[in-house]
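Predicted model only: the values in this text are computed from it and were never measured. Counting starts at 1 for both ligands and their atoms, following the listed order.
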Amino acid sequence: MRLVLLGAPGSGKGTQAQRLRDDKGIPQVSSGDLLRDAVARGTELGKRAKAAMDAGELVSDEIVLGLIRERLSRPDAAKGFILDGYPRNVAQAAALDRLLVDIGQPVDAVVLMDVDTKVLFQRLTGRRSCPECGKVFNIYSSPSPRGDRCDNHPGAAEAPLLVQRADDREDVIGNRLKVYESQTRPLVEHYRARGLLKVLNADQSVERVYAEFLKAAGG
Ligand code: AP5
Ligand code: MG
């Protein structure tokens with residue numbers, strides 16, 4: 001299964017990709033997570049990416065392609081992958097096509113997570129995630145049973161405290177949504193024209209979205 005997940009910030013790409021990963025053992029390849037990891041480790045690449053991320057702008061195509069190429073070359077990606085957040089503009093889609101031809105792994109489907117923009121603000125301001133395992137929660141729709149600590153670790157009292165992403169501030173969210181509309185939305189037509197696009201209604205419960213997602217993914 002080789003999938004691309006397309007959708008606005010907060011549409012649920014990470015949530016659904018993590019479910020599918022846990023269910024089917026297919027790696028989630030999230031450009032955002034790879035970038036946040038580079039920023040947290042203070043690598044040269046992370047330092048170059050940080051200002052764009054903090055402002056809700058796209059990081060340069062060349063930096064992100066390098067990360068994706070490296071990630072897809074690891075052994076676990078040989079049996080499939082879920083690309084979450086890549087590609088994000090037409091140039092990245094062209095670079096991805098070339099990369100996948102090189103490694104002989106064409107995409108099976110591109111899944112668009114369709115959600116009304118009005119819903120996205122609350123999802124993003126309410127998001128919390130675990131700094132250690134990356135599990136995603138929402139203080140409104142899916143809080144951790146352990147309050148402000150992750151439920152994915154042994155020992156409720158010692159489990160990591162959940163954190164809010166630096167770009168989940170209202171002013172930055174507005175810019176991320178604008179960038180999505182201007183740079184990423186054109187990919188919907190790009191993939192529709194290639195016969196790869198599957199649209200799913202992502203404004204339903206996580207479980208219902210997952211059921212549609214499985215169907216769209218052919219599993
Ligand atoms: P990235 O990390 O990719 O962020 P994003 O695209 O803005 O998307 P999000 O991760 O915010 O949303 P999501 O769709 O994963 O939603 P989630 O499942 O978490 O990118 C961050 C930055 O990195 C970019 O701004 C850019 O700077 C840079 N970057 C990344 N990729 C790049 C690229 N290719 N090129 C250049 N730069 C790049 O869900 C959100 C919340 O909603 C959660 O709290 C969740 O619990 C909740 N939720 C999910 N589903 C539901 C549901 N069905 N009902 C109710 N609540 C739900
Ligand atoms: Mg995400």
Side-chain angles (χ1 to χ4, degrees), residues 4-21 28-40 45-46 48-69 71 82-93 95-96 99 111-130 134-144 150 162-169 172-185 187 200-213:
V4 168
L5 270 180
L6 209 57
S11 57
K13 303 181 295 296
T15 301
Q16 297 297 331
Q18 286 183 357
R19 282 219 163 186
L20 195 62
R21 177 200 61 197
Q28 172 201 18
V29 176
S30 158
S31 45
D33 287 349
L34 292 169
L35 286 164
R36 278 183 290 279
D37 180 59
V39 171
L45 189 150
R48 285 168 60 200
K50 187 174 184 312
M53 294 179 78
D54 286 347
E57 298 289 336
L58 294 186
V59 173
S60 82
D61 293 345
E62 158 247 333
I63 289 185
V64 184
L65 177 62
L67 284 172
I68 294 289
R69 181 184 284 126
R71 182 65 189 84
I82 311 156
L83 276 171
D84 161 6
Y86 189 88
R88 243 173 157 97
N89 59 29
V90 174
Q92 290 185 8
L96 178 65
L99 171 61
V111 177
L112 172 66
M113 313 278 299
D114 194 24
V115 190
D116 200 291
T117 311
K118 288 191 293 267
V119 178
L120 300 173
F121 254 91
Q122 198 188 33
R123 284 202 188 171
L124 291 168
T125 51
R127 171 166 54 194
R128 301 291 182 273
S129 50
C130 175
K135 185 167 177 186
V136 177
F137 300 87
N138 193 286
I139 56 171
Y140 307 112
S141 58
S142 51
S144 168
C150 185
L162 302 178
V163 294
Q164 189 164 21
R165 251 169 62 176
D167 59 351
D168 278 347
R169 295 198 333 252
V172 184
I173 291 172
N175 197 40
R176 286 162 62 202
L177 294 173
K178 268 193 219 145
V179 168
Y180 175 77
E181 287 304 323
S182 63
Q183 303 201 40
T184 310
R185 178 146 338 246
L187 293 184
L200 60 89
N201 174 8
D203 192 4
Q204 314 178 73
S205 70
V206 171
E207 287 67 30
R208 277 174 184 267
V209 176
Y210 186 61
E212 274 197 30
F213 182 37

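Contacts of F137 with ligand 1, taken as heavy-atom pairs under 4.0 Å, involve the backbone alone. Contact annotation for S205 and ligand 1: only backbone heavy atoms (N, CA, C, O) come within less than 4.0 Å of the ligand.
The protein heavy atom nearest to atom 16 (O) of ligand 1 is G12 N, 3.3 Å. Scanning the protein for heavy atoms near atom 31 (N) of ligand 1, the closest one is S31 OG, 2.7 Å. At the shortest separation from atom 8 (O) of ligand 1 among protein heavy atoms lies K13 NZ, 3.1 Å. Looking at atom 56 (N) of ligand 1, its nearest protein heavy atom turns out to be S141 OG, 3.1 Å. Remark: minimum distance from atom 47 (C) of ligand 1 to any protein heavy atom is reached at N138 ND2, 3.8 Å. At the top of the distance list for atom 41 (C) of ligand 1, counting protein heavy atoms only, stands R123 O, 3.5 Å. Summary of contacts: the protein heavy atom closest to atom 9 (P) of ligand 1 is R127 NH1, 3.3 Å. In terms of protein heavy atoms, atom 23 (O) of ligand 1 is closest to M53 CE, 3.5 Å.
In this structure, L120 and I173 have side chains that are not in contact, with every pair of non-hydrogen atoms separated by 4.5 Å or more. Here the side chains of V111 and Q16 are not in contact, with every heavy-atom distance at 4.5 Å or above. At a threshold of 4.5 Å between non-hydrogen side-chain atoms, the residues S144 and L162 count as touching. R176 has its side chain within reach of L124: a pair of non-hydrogen atoms, C-beta onward, lies under 4.5 Å apart. Side-chain contact between V209 and T15: absent, with no pair of heavy atoms (C-beta onward) separated by less than 4.5 Å. At a threshold of 4.5 Å between non-hydrogen side-chain atoms, the residues P9 and L177 count as touching. You'll find the side chain of V4 reaches within 4.5 Å of the side chain of L96, heavy atoms only. Between V29 and R21, the closest side-chain pair of non-hydrogen atoms is not below 4.5 Å.
Assignment of G7 to the shell around ligand 1 is not supported, since no heavy atom sits closer than 4.0 Å. At least one heavy atom of A8 sits closer than 4.0 Å to an atom of ligand 1. Taking 4.0 Å as the cut-off, Q16 does not count as a neighbour of ligand 1 on heavy-atom distance. For S11, the heavy-atom gap to ligand 1 drops under 4.0 angstrom.
Numbered from 1 in the order shown, with element, the atoms of ligand 1 that lie under 4.0 Å from a heavy atom of E57 read 26 (C), 27 (O). Ligand-side atoms of ligand 1 in range of Q204: 52 (C), 53 (N), 54 (N), range being under 4.0 angstrom from any heavy atom. Under a 4.0 Å criterion applied to the non-hydrogen atoms of S142, ligand 1 contributes the atoms 46 (O). Within the listing of ligand 1, atoms 21 (C) sit less than 4.0 angstrom from a heavy atom of D167. Every atom of ligand 1 with a heavy atom of L124 under 4.0 Å away is listed here by number and element: 11 (O). Counting the atoms of ligand 1 from 1 in the order shown, those under 4.0 Å from a heavy atom of V206 are 50 (N), 51 (C), 52 (C), 53 (N). Taking every non-hydrogen atom of L35 and a distance limit under 4.0 Å, the qualifying atoms of ligand 1 come out as 23 (O), 28 (C), 29 (N), 30 (C), 38 (C). Set against the non-hydrogen atoms of Q92, the atoms of ligand 1 under 4.0 Å away are 33 (C), 34 (N), 35 (N), 36 (C).
Between the side chain of Q18 and the backbone N or O of G134 there is at least one donor-acceptor pair closer than 3.5 Å. In this structure, Q164 contributes its side chain and T125 its backbone to a donor-acceptor pair below 3.5 Å. Judged by distance alone, the side chain of N138 and the main-chain N or O of R123 form a donor-acceptor pair under 3.5 Å. Side chain of K13 to main chain of A8: a donor-acceptor pair is present (N/O by atom type, distance under 3.5 Å, no hydrogens or angles). For T184 (side chain) and R88 (main-chain N/O), a donor-acceptor pair under 3.5 Å exists by modelled atom type. Between the side chain of Q204 and the main chain of Y210, no donor-acceptor pair closer than 3.5 Å is present. Listed for the Q28 side chain is no donor-acceptor partner under 3.5 Å among the backbone atoms of D84. Judged by distance alone, the side chain of N175 and the main-chain N or O of A55 form a donor-acceptor pair under 3.5 Å.
Distances between N or O atoms of T15 and those of ligand 1 include at least one value under 3.5 Å. When only interatomic distances are considered, the shortest N/O to N/O separation between D84 and ligand 1 does not fall below 3.5 Å. Distances between N or O atoms of G85 and those of ligand 1 include at least one value under 3.5 Å. Annotation: G10 places an N or O atom under 3.5 Å from an N or O atom of ligand 1; distance criterion only. Polar contact with ligand 1: absent for R128 (N/O pair, distance under 3.5 Å). Checked by distance only, ligand 1 and V59 come closer than 3.5 Å through their nitrogen or oxygen atoms. When only interatomic distances are considered, the shortest N/O to N/O separation between G14 and ligand 1 falls below 3.5 Å. Geometrically, ligand 1 and V209 share no nitrogen or oxygen pair separated by less than 3.5 Å. Considering both main-chain and side-chain atoms, Y86 never comes within under 3.5 Å of ligand 1 through any nitrogen or oxygen pair.
By the side chain to side chain contact (heavy atoms under 4.5 Å, CB included) test, S182 is found to be paired with no residue, residues two or more places apart in sequence or in another chain being considered.
Contact detail for S30 and R36: the closest heavy-atom pair is OG-NH2, 4.5 Å. Closest of all the heavy-atom pairs between S31 and V64 is CB-CG1, 3.9 Å.
Between the choices M113, R88, R36, R176, the shortest heavy-atom distance to atom 24 (C) of ligand 1 belongs to R88. Residue R165 holds the heavy atom nearest to atom 21 (C) of ligand 1 of all those in K50, Q183, R208, R165.
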